[in-house]
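In what follows, chains are A, B, ... by sequence order, proteins preceding strands, each numbered from 1. Note that the structure is a prediction, hence the values are computed from the model and not measured.
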Number of protein chains: 4
Amino acid sequence: MLRARTVSDKDSRRQELLDAALDEFFERGFSAARMEDIAKRAGLSKGTLYLYFDSKDALFKAIIDALATPNLEVISAIATSAPSFSEALDRVAVFAPTVIRTSKLPRLMKVIVGDSHTFPEILIEYRQNILDRILGLFGELLSQAKAAGEIEVEDPYLAARIVMGPMLLSGLWHALFSDTPGGEVDLEKLFRMHASAMKKAFAPVENSQ
Amino acid sequence: MLRARTVSDKDSRRQELLDAALDEFFERGFSAARMEDIAKRAGLSKGTLYLYFDSKDALFKAIIDALATPNLEVISAIATSAPSFSEALDRVAVFAPTVIRTSKLPRLMKVIVGDSHTFPEILIEYRQNILDRILGLFGELLSQAKAAGEIEVEDPYLAARIVMGPMLLSGLWHALFSDTPGGEVDLEKLFRMHASAMKKAFAPVENSQ
Amino acid sequence: MLRARTVSDKDSRRQELLDAALDEFFERGFSAARMEDIAKRAGLSKGTLYLYFDSKDALFKAIIDALATPNLEVISAIATSAPSFSEALDRVAVFAPTVIRTSKLPRLMKVIVGDSHTFPEILIEYRQNILDRILGLFGELLSQAKAAGEIEVEDPYLAARIVMGPMLLSGLWHALFSDTPGGEVDLEKLFRMHASAMKKAFAPVENSQ
Amino acid sequence: MLRARTVSDKDSRRQELLDAALDEFFERGFSAARMEDIAKRAGLSKGTLYLYFDSKDALFKAIIDALATPNLEVISAIATSAPSFSEALDRVAVFAPTVIRTSKLPRLMKVIVGDSHTFPEILIEYRQNILDRILGLFGELLSQAKAAGEIEVEDPYLAARIVMGPMLLSGLWHALFSDTPGGEVDLEKLFRMHASAMKKAFAPVENSQ
DNA sequence: TATGAATGAGTCTTCATTCAT
DNA sequence: GATGAATGAAGACTCATTCAT
């Protein structure tokens with residue numbers, strides 16, 4: 001392989017390694033993934049991989065770091081920019097299928113679920129920094145919608161789990177089964193139904209006298 | 001260790017090994033789990049473990065076999081015995097927290113998600129025999145409720161994923177985080193809200209003239 | 001298995017175990033042979049085998065002991081009872097094919113060649129007590145025939161190796177190849193030719209003027 | 001250990017490993033030989049051995065492959081280049097002692113006899129490709145000599161076994177006993193006698209009127 | 001920087017041997 | 001005496017990591 005001379009060369013090579021690693025971790029699991037395979041997948045040799053990451057552990061952590069924040073931001077953008085709960089659900093219905101199909105998020109979810117045990121402290125950190133944040137955003141959204149009289153809900157932060165549940169299910173399902181016969185799901189239709197269902201689920205009770 | 005002489009001795013020892021294995025696979029992942037640790041957790045030696053299971057692979061498959069069907073049946077019982085969709089949701093609200101807290105199902109879910117790659121064929125089989133079945137049961141339930149005019153829903157079998165989503169989320173969450181500070185969730189409240197939300201989500205539109 | 005009550009019961013059971021062990025050692029080699037398989041082959045359990053032989057090593061040694069002397073005696077009988085070298089060869093021609101085909105000798109030869117390294121001291125002992133003895137008997141036979149003017153030979157004890165060579169070859173060949181296609185040898189014909197060839201090989205030079 | 005960088009470095013290291021493996025297989029038998037000992041004997045570590053051979057099995061097969069053909073060729077050269085049976089025997093008398101004392105052939109013979117059971121298919125192949133070929137060469141030699149009136153023999157291809165027998169005996173004997181007291185054999189003398197004995201054994205009957 | 005040869009700790013699996021029943 | 005469950009030492013093989021080139 002040619003040498004990476006410039007800083008941006010190094011950055012892009014680093015990124016290729018992260019991508020390759022996520023793929024291998026996803027396909028084989030952290031323990032079973034081989035450093036040499038990761039390097040090869042990125043078109044490099046085993047030794048070179050170690051110029052970029054000190055260890056397999058470091059590689060794992062780097063993946064989490066590299067993906068957690070951006071993903072959080074995307075989701076955050078959807079949740080916070082929407083003027084209403086209803087509008088947020090519509091945006092989810094539009095974006096979720098694409099995110100599930102094209103982003104690394106579903107693969108990352110699978111890796112985190114599957115290999116979390118390797119670094120318990122990372123798992124806790126991840127939950128606090130990412131998952132709690134995301135649930136908090138949706139909880140906040142519901143909370144504000146409730147305050148605005150848009151919806152009626154007992155505990156907005158718990159309700160966020162009801163809203164997010166189908167997304168997790170769809171993401172993991174896609175990661176695990178999308179390429180097996182009978183494993184395809186019509187995500188567009190599903191999330192259209194999801195938006196509509198959630199709107200009705202939390203709609204204020206009509207007291208129309 | 002005392003000797004297992006009778007058939008039932010051997011059965012119970014086999015069961016202890018399966019339990020120990022699920023725990024180890026759950027805590028460390030299939031690859032990283034050590035046969036010796038599994039044996040020790042069951043109070044036996046490495047060699048003895050091999051009297052009961054031919055290999056690590058066989059142990060993994062035995063876990064799936066031993067747990068898949070019973071779990072399917074429990075869920076099936078809830079879904080099919082209910083006289084209505086509404087009643088089924090109420091039952092889920094009652095049982096789900098207990099199942100999530102006390103059964104092996106959440107740990108099994110985590111293991112299957114995390115180590116699915118080890119035996120791709122098992123994963124597919126599991127999806128077809130268990131997951132598709134469960135989703136199918138709920139889909140059927142929704143379908144019948146729709147036919148009975150109890151609910152209004154575009155695609156009952158897709159809607160089943162909306163209903164199941166929060167269960168998966170709660171199960172995995174419990175498996176991963178229930179023992180970490182801040183990871184507890186009020187499952188009773190959550191599933192009460194879930195039942196109520198789902199009832200409203202698919203309630204027929206009131207045409208109140 | 002029924003208990004061996006009488007002394008002769010025990011003897012015959014011991015013999016069955018020795019036979020089974022020779023078979024397994026022959027088929028798998030000493031290292032790879034499993035005590036359990038030996039026991040099963042004799043219709044007994046692993047534990048019972050240890051009532052008769054203290055260890056795998058002891059079993060190996062017992063085989064040598066049990067077979068070495070009788071075999072030596074049979075050969076000795078042929079070599080010493082013959083009134084002449086010529087007559088001895090004729091008897092070999094008659095007996096060798098049967099011995100090769102039906103006795104344990106060829107299998108024993110293979111085991112000794114193959115697993116001798118396990119017990120170097122046994123190998124040396126075996127050479128001295130059995131092989132040197134057999135070669136010595138034939139050497140003696142040749143020596144006497146030379147003294148009697150029946151044959152002409154430079155070194156009778158070395159010549160014995162020329163006479164014995166084809167027997168070893170045929171024995172090992174039979175042990176290794178007799179049951180594979182194309183591995184059969186017409187032993188009767190071979191040893192008839194052998195007898196005739198050896199008679200001529202060592203015949204005194206005719207100085208018939 | 002220094003690194004093998006060039007192709008020829010790797011070739012020679014491979015050869016060292018083959019030599020070490022033959023030694024270990026010869027001394028301990030295939031089953032009992034330890035990969036680590038083989039590696040150490042070649043001055044390498046266990047892991048490095050696996051860079052050159054995929055498995056213990058592969059190592060065994062590689063030994064056969066590496067030695068079978070060259071040995072066949074040497075023998076073939078002696079057998080086919082001789083102008084007469086008599087001349088061939090004289091050449092054998094010259095070469096056999098050296099081959100037995102210095103080549104790997106006797107050790108290989110012992111390994112093949114002793115560990116044949118490990119790979120039955122290799123054994124059959126070896127018999128067909130090497131042993132049958134060698135016996136065939138000598139058979140052919142005898143056959144031509146017979147046609148030329150040099151010798152008189154009923155079945156030249158069977159007679160080859162009579163000629164070869166002492167070579168096998170001497171080879172195995174040397175491999176097993178040459179380094180034990182009393183195990184030395186005067187090979188030069190033996191093969192001189194062998195040549196002379198075989199010439200006489202198959203000499204045409206003098207019909208001297 | 002980049003490479004891949006070398007290493008050895010770590011893990012699955014086998015099996016001789018023991019011993020409770 | 002007979003059995004086979006239990007044990008743990010031993011060995012094949014893998015792979016993260018190092019480092020000479």
Using a cut-off of 4.0 Å on non-hydrogen atoms, how would the nucleic acid contact of [X] be classed: base, sugar-phosphate, or nothing?
X: C:F53; answer: nothing
X: B:K46; answer: base
X: A:A33; answer: sugar-phosphate

Starting at the 5' end of DNA chain F, which residue's closest nucleotide do you reach first, D:F30 or A:S31?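 Counting from the 5' end, the first nearest nucleotide belongs to D:F30.
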
Residue whose nearest DNA chain F nucleotide is more 5′ - C:L51 or B:S45: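 Result of the comparison: C:L51.
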
Listed partners of [X] passing side chain to side chain contact (heavy atoms under 4.5 Å, CB included), at least two apart:
X: A:S55; value: A:D57, A:A58
X: D:A21; value: D:F25, D:I38, D:L59, D:I63
X: C:N129; value: C:E125, C:R133

Would one find a side-chain N or O of [X] under 4.0 angstrom from OP1 or OP2 of [N]?
X: D:T48; N: E:dT7; value: yes
X: D:Y50; N: E:dT7; value: no
X: C:R13; N: F:dA2; value: yes

Is it the case that atom CG in D:D54 sees more than 12 heavy atoms from other parts of the structure closer than 6.0 Å?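 At most 12 heavy atoms, drawn from other residues, nucleotides or ligands, come within 6.0 Å of this atom.
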
Requiring both pairing distances under 3.5 angstrom, list the stems that contain DNA chain E and are made of three or more consecutive Watson-Crick or G-U pairs.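 Stem list for DNA chain E: E:2-21 with F:2-21.
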
Candidate nucleotides F:dA12, F:dC15, E:dA16, ranked by approach to the side chain of D:M35 - the nearest: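 From the listed options, F:dA12 comes nearest.
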
If you check the B:L44 side chain, which of F:dT17, E:dT17, F:dT7 turns out closest?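 The nucleotide sitting nearest to the side chain is F:dT7.
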
The criterion is salt bridge (charged side-chain N to carboxylate O under 4.0 Å, His left out); which residues satisfy it with D:R14, sequence neighbours excluded?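 So D:R14 forms no salt bridge (charged side-chain N to carboxylate O under 4.0 Å, His left out) with any residue.
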
With C:R28 via salt bridge (charged side-chain N to carboxylate O under 4.0 Å, His left out) - residues at least two apart: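 C:E24.
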
